[in-house]
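First comes the structure, then the notes that go with it.
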Amino acid sequence: MAAVATLAEVALPVPLDQTFTYRVPDDWPAPPVRPGDLVSAPLGRRNVTGLVVGVREAAADVTEVDGHRLRPLRARFPAAYRVEGDRRRLLDWMAGYYALPPGELVPLFHPPAPGTKARPRRAAAAYPIADAVDVQLTPDQERAVAWAVERLEARGFGALLLRGVTGSGKTEVYLRVIAEALARGRSALYLLPEIALTPQTEARVAARFGDRVATVHSGLSAGERCRVHEAAAAGELSVVLGPRSALFTPLRDLGAVIVDEEHDASYKQEEKPRYHARHAALVRAREAGACVVLGSATPDLESVRNAIDGRYREILLADRPVGEMPTVEIVDMRGGPASDGFSDALLTRLEASLTRGRQAILYYNRRGFARVLQCTACGVPVACPHCDIALTVHLRPRQLLCHYCGFARREPDTCPECGGPSFLPGGSGTERLELALAAHFPDARVLRLDQDTTRARGSQRRILTEFAGRGADILVGTQMVAKGHHFVGVDLVGVLAADDGLTLPDFRAHERAFQLLTQVAGRAGRESPGVVLFQTWQPDHPVIQAASRHDFAAFAAAELPQREAAGYPPSRRMLRVGLAARRPADVQEAAHRFAGLMRAHLLPPGLEVLGPAPAVFARLQNRVRWQLLVKGTMSNGQRAWLADRGRRLAAETGVDVTLDVDPVGLY
Ligand SMILES: [Zn+2]
Ligand SMILES: [Zn+2]
């Protein structure tokens with residue numbers, strides 16, 4: 001036996017703000033266990049993956065620490081899985097800023113099953129692309145690349161907000177910036193929303209950088225994730241492309257970070273551990289001395305504010321190098337829309353587009369056949385028994401479905417409210433639109449893209465590839481059709497209900513609506529003149545007007561002062577405390593108690609506690625939900641105090657308490 005025992009302090013992915021002490025087996029081979037090592041440790045009856053945060057020596061015969069029996073570590077993962085350097089500093093920052101125990105963040109920094117060997121797999125079919133490398137940059141694109149070169153030469157952090165209309169050549173800037181980083185022996189991360197991670201994007205990046213690129217996405221097996229992780233750590237990869245989870249890849253000497261569609265809400269992780277990948281990307285870049293390019297046609301107003309305040313450089317790509325911006329026509333639906341959701345104007349345009357042999361995209365942000373099934377006697381829609389939400393009518397398969405918890409049932413024989421015998425489906429969904437299209441245009445080939453048609457693995461890619469290859473004439477779908485795709489055949493985009501979303505009870509409702517309208521309109525006329533139709537019941541609404549003119553500046557100029565006046569982000573920061581439990585009285589009581597505690601301790605100046613109040617979705621999955629909001633900038637210490645008190649309240653009352661720092665939705 002060794003003269004002394006080595007003890008390791010390990011952060012484990014459990015919701016406790018503490019580390020756990022283990023004994024390092026005496027017979028483990030060199031090198032010795034160090035902070036930053038990833039290890040497998042026994043916890044109860046299972047083994048969990050944790051991060052060594054401290055190492056110390058103890059007497060050789062030590063058997064317990066603080067009254068707990070010492071157990072030996074099970075295994076240590078190879079050096080490729082160490083969490084060190086800029087990644088370790090990112091983890092520490094996230095633990096402080098999001099008031100999370102470091103152990104809860106550890107799973108972000110390694111693949112689901114570290115060390116799994118990848119099975120060989122058939123190469124995916126090559127996607128046809130025209131990718132001219134020697135494309136001439138516009139002066140604005142040149143300026144953006146020059147900015148990055150300057151930062152790379154200085155090996156210093158900096159952030160660029162690249163605002164460019166869809167099709168203005170942001171991707172070309174990203175690729176040049178990555179090339180400049182690689183030319184200096186450094187590596188690059190290219191983040192984009194999962195939904196925009198199409199075979200087209202992958203092929204375009206791979207065509208430029210060859211086998212030094214890897215893509216990370218949710219479709220990869222555990223073994224494939226490990227292969228990318230290990231290759232990056234070994235310096236065999238220079239570019240990693242992927243959604244928010246790719247941010248934690250252990251690339252060596254990171255020089256450039258691209259955050260495409262930087263406004264996209266999917267950069268916010270809404271389950272534990274909650275974090276915003278755009279914010280975290282900026283921190284990782286700062287810690288690595290890298291430059292960050294945040295790109296969007298409709299940047300988040302927080303990024304706009306940072307640019308106005310001089311924290312980011314902003315460069316505007318005003319024009320499309322190829323093609324023109326599509327013309328947007330507003331169709332006033334007041335006074336008698338067609339019963340199946342299509343105006344005469346849209347049907348006429350569709351007919352013309354099909355006759356010319358072109359393609360069309362129709363956007364409607366509701367899936368299913370009908371929004372609700374309404375009782376004809378009392379008017380009450382059939383609701384989910386577990387959530388306070390109306391069930392959506394689906395035809396294939398024929399059922400009523402809760403879009404929040406997945407509860408499904410047959411149509412009832414009688415109304416659960418009044419016993420009435422008959423029902424009518426109210427409102428449309430993409431399934432209904434698809435059927436209506438078949439009636440209007442029996443010869444047209446229609447594809448539908450929404451959550452219902454993309455359940456099978458790879459089906460989203462298959463539908464998009466089929467449409468891009470002209471395998472269909474019309475693509476109808478939810479916001480999945482709006483993001484990032486590049487379809488050369490599309491010359492018509494129809495937005496069935498442009499004012500959908502404007503009235504959501506959230507201070508970001510206008511911003512989200514403007515973003516979506518701009519994104520979906522940008523799908524038209526990428527290489528030839530295109531037309532976009534906004535069907536709307538509020539044709540004069542400022543958001544619809546600004547979106548119809550592709551005028552982000554006008555939108556921001558109107559919206560920022562409103563946010564400021566109401567004290568909402570980006571003028572002030574925000575934190576949401578969510579409370580949930582089965583029994584309404586339990587949640588209500590806990591919420592009031594917590595509000596009292598917060599008001600007593602989080603004193604002004606600068607902080608304001610709002611609530612408690614029931615959440616917008618007051619009951620989901622049988623859990624009653626309340627919330628509290630804090631406006632103003634809290635310190636890490638204040639957030640840590642709040643998290644600690646939340647854990648205590650949860651332990652005492654059984655009510656779930658979650659902290660959401662910088663929430664992106666207040667539902
Ligand atoms: Zn009824
Ligand atoms: Zn439900």
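None of the values given here were measured: they were computed from a predicted structure. Remember, it's 1-based here, ligands and their atoms both numbered in the order they're listed.
With hydrogens and angles left out, the side-chain atoms of Asn365 and Thr478 include no donor and acceptor closer than 3.5 Å.
Put simply, the side chain of Arg623 does not reach to within 4.5 Å of the side chain of Val587, judged on heavy atoms. Taking 4.5 Å as the limit, every side-chain heavy atom of Leu575 sits out of range of all side-chain heavy atoms of Asp662.
With the Zn ion (ligand 2) as the vertex, SG of Cys387 and SG of Cys402 span 110° to the nearest 10°. Rounded to 10°, the angle that SG of Cys375 and SG of Cys418 form at the Zn ion (ligand 1) is 100°.
At a cut-off of 2.8 Å, His386 is not counted among the residues with an N, O or S atom near the Zn ion (ligand 2).
With respect to Glu652 and Arg593, a salt bridge is recorded, a charged nitrogen being found less than 4.0 Å from a carboxylate O.
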